[in-house]
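Only a predicted model underlies this, so the values are computations on that prediction, with no experimental measurement involved. To find a chain, count down the sequence lines: A is the first, B the second, and so on, and within it residues start at 1.
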Number of protein chains: 2
Amino acid sequence: MRSARSAVVPRQGAQAIRRALAVLRILAAGREHGVPLAEVVRATGLTRPTVHRIVHVLIEEGIVERHERTLRYAIGNQVPELALARPRPSRLLVAANPSLQRASAEIGDTLFLTVRTGNDTLCVDRRIGVYPIQVLSIEVGARRPLGVSSAGVAILAAMPASDARKIVAANEKRFEAYRTDVATVLGEVTAARRLGYGLREIGLVQGTKSLSTWIKTPDGQPAAAMTVSAVRTRLGPRREQEVAEILLREARLIEQAIGG
Amino acid sequence: MRSARSAVVPRQGAQAIRRALAVLRILAAGREHGVPLAEVVRATGLTRPTVHRIVHVLIEEGIVERHERTLRYAIGNQVPELALARPRPSRLLVAANPSLQRASAEIGDTLFLTVRTGNDTLCVDRRIGVYPIQVLSIEVGARRPLGVSSAGVAILAAMPASDARKIVAANEKRFEAYRTDVATVLGEVTAARRLGYGLREIGLVQGTKSLSTWIKTPDGQPAAAMTVSAVRTRLGPRREQEVAEILLREARLIEQAIGG
DNA sequence: CGTCCCTTGTCCATAATATGGACAAGAACG
DNA sequence: CGTTCTTGTCCATATTATGGACAAGGGACG
């Protein structure tokens, strides 16, 4: 056996597989409604014949579905079937459950648990609060490029600046669909690093404001974020401070639950 | 645009992707514990360097995980993350729920809902009955080659004989791990076709007996099966008849719920 | 109803990619 | 210390995936 290399060299000989996965991740961001071919081409940077070929092979294999009406492509039902091979719910969900419960009761606004997956954020849990106006636009399964939500900003802020810059650069093509750009995102990340938590004064939904704390695994990498979303008027400076303290406290508890 | 072909020609230009998916399906059958490399090689018929390369690229991409201790490969946590793009629970699960409820209450033994996925059966729901001895060995997520369980036999019996033969032949390499073979399976399928339901006198677990009815989609293809498993002594000829009648009745109701 | 501009789908020569035979090396066993 | 498992790697080669170029459908508009 050869000696191990110190630098991690990506394995050769599987370009097609990597490309197929890149396509799948873009399709996943489209949820049930799916994504038109041209959008997949834009987001992945691949050529259209290549994306077309990949997508249609994945349809034959049942990994991708196509909506008859819209011609959009979406994740197929073999994906959840493969997912059944893993134990559910995940360790993180179990570890975070008590914290979400507590924070939701204390804060009263909508709470999200979001994980990092590659260059995306993915909402994996949501708790509705008791306050009568709730921000419900983000659902479990929502997937967005790292950087466009406060959770993404928080996660980027918690990793080495060079890593964050690489991810933001890789997501550049996808930012325009969310009306943002590399410079804006990097500015928000810097601000979050200073504050200790991620913030979006103007949420993805008009008139909302979001606040996120990062959650790190024992190896120091941010793996998730806990977010509060509320109508802007409910998150003035004083309450922002209170909410941040609760989220920070619970984030540390979740980190301990994962680590122990 | 060219005219559509009458015969469905599998798309060219994606051998690697198809192979990667074949590997993933074998890994899925290994659930949490995973599968050793040599077993993947056997089951897929690919060469070892090829499987090794595919599996390690999938690890880099987060689609596959490796257990440190055993060196076995298993489905990684990005798969459920991709699966979140789809609405849960599935339409079938919703449609079958009342039937499972009713049948479970009437019969009292363990009930399974199993779907066909490619050349496999996959358990997607399980209901524990009230009788004090329950067969619990098959869990949600359990995946086996079509033909080795009574559910698989039922599904094969409900499709055209030529299709069934093709699938059984394709699974040949995987049968020996379940101590069966092509001839035995084809015999059971023929018997099931005559009976109207699938039967295994000797279940995968010693001393158990299973009985399955198929469920067809509106296009006439069997997509799932409903199964009762019990200790053998509880399923004598008279009770077998009773249980079969209940399962057949509920299977037809599920078919209507899907079709309407 | 012709033109523009969007989309998706297909062909095929060619370059690049994935392939697998052969070899290396550890581990368990007697 | 050979035997027989397993996993991991190299690299010349031929098979495979690639993408430029073209085809074709459909909607908006004057």
Sorted by first residue and then second, give each ring pair (Phe, Tyr, Trp, His ring centres under 6.0 Å) pair with at least one member in residues 158-182 of chain B; sequence neighbours left out.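 Output for this query is empty, none listed.
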
Contact list for residues 26-52 of chain B, test ring pair (Phe, Tyr, Trp, His ring centres under 6.0 Å), sequence neighbours left out: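 For residues 26-52 of chain B: B/H52-B/H56.
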
Do [X] side-chain atoms and [Y] backbone N/O form a donor-acceptor pair below 3.5 Å?
{"X": "B/R66", "Y": "B/L71", "result": "yes"}
{"X": "B/E172", "Y": "B/V182", "result": "no"}
{"X": "B/T110", "Y": "B/V135", "result": "yes"}
{"X": "B/R48", "Y": "B/V41", "result": "no"}
{"X": "A/R116", "Y": "A/P222", "result": "no"}
{"X": "B/E188", "Y": "B/R200", "result": "no"}

Spatial distance of atom CD1 (B/I63) from atom CD (B/E81) [nearest 0.5 Å]: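 Going from the CD1 atom of B/I63 to the CD atom of B/E81 covers 8.5 Å.
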
In Å, rounded to the nearest 0.5 Å, how long is the span from CD1 of B/I17 to CG of A/L58?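 Atom-to-atom, B/I17:CD1 and A/L58:CG are 6.0 Å apart.
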
Is a salt bridge present between B/R232 and B/E201, judged by a nitrogen-to-oxygen distance below 4.0 Å?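 No.
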
Ion pair check, B/E139 and B/R126, cut-off under 4.0 Å: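 Result for this pair is no, no salt bridge flagged.
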
Using the side-chain contact (heavy atoms from CB on, under 4.5 Å) definition, which of the options B/V124, B/D120, B/T121, B/D125 pairs with B/V115?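 Of the listed options, the one satisfying the test is B/V124.
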
Within residues 27-43 of chain B: residues closer than 4.0 Å to DNA chain D (heavy atoms):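 Result for residues 27-43 of chain B: B/P36, B/L37, B/A38, B/R42, sorted by number.
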
Which protein N or O atoms sit under 3.5 Å from an N or O of nucleotides 12-14 of chain D?
none

DNA chain C-proximal residues of residues 62-75 of chain A, any heavy atom under 4.0 Å: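 DNA chain C contact set from residues 62-75 of chain A: A/R66, A/Y73.
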
Please tell me if B/H52 has a side-chain N or O lying less than 4.0 Å from either OP1 or OP2 of D/dG8.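 Yes, because at least one side-chain N or O of B/H52 sits under 4.0 Å from OP1 or OP2 of D/dG8.
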
Atom-pair distance (NE2 on B/H56; C1' on D/dT7), nearest Å: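 Checked: the NE2 to C1' distance equals 8 Å.
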
Would you give a per-nucleotide map of nucleotides 17-23 of chain C, 5' to 3', where B means the base has a protein non-hydrogen atom under 4.0 Å away, S means only the sugar-phosphate does, and - means neither? SBBBBBB

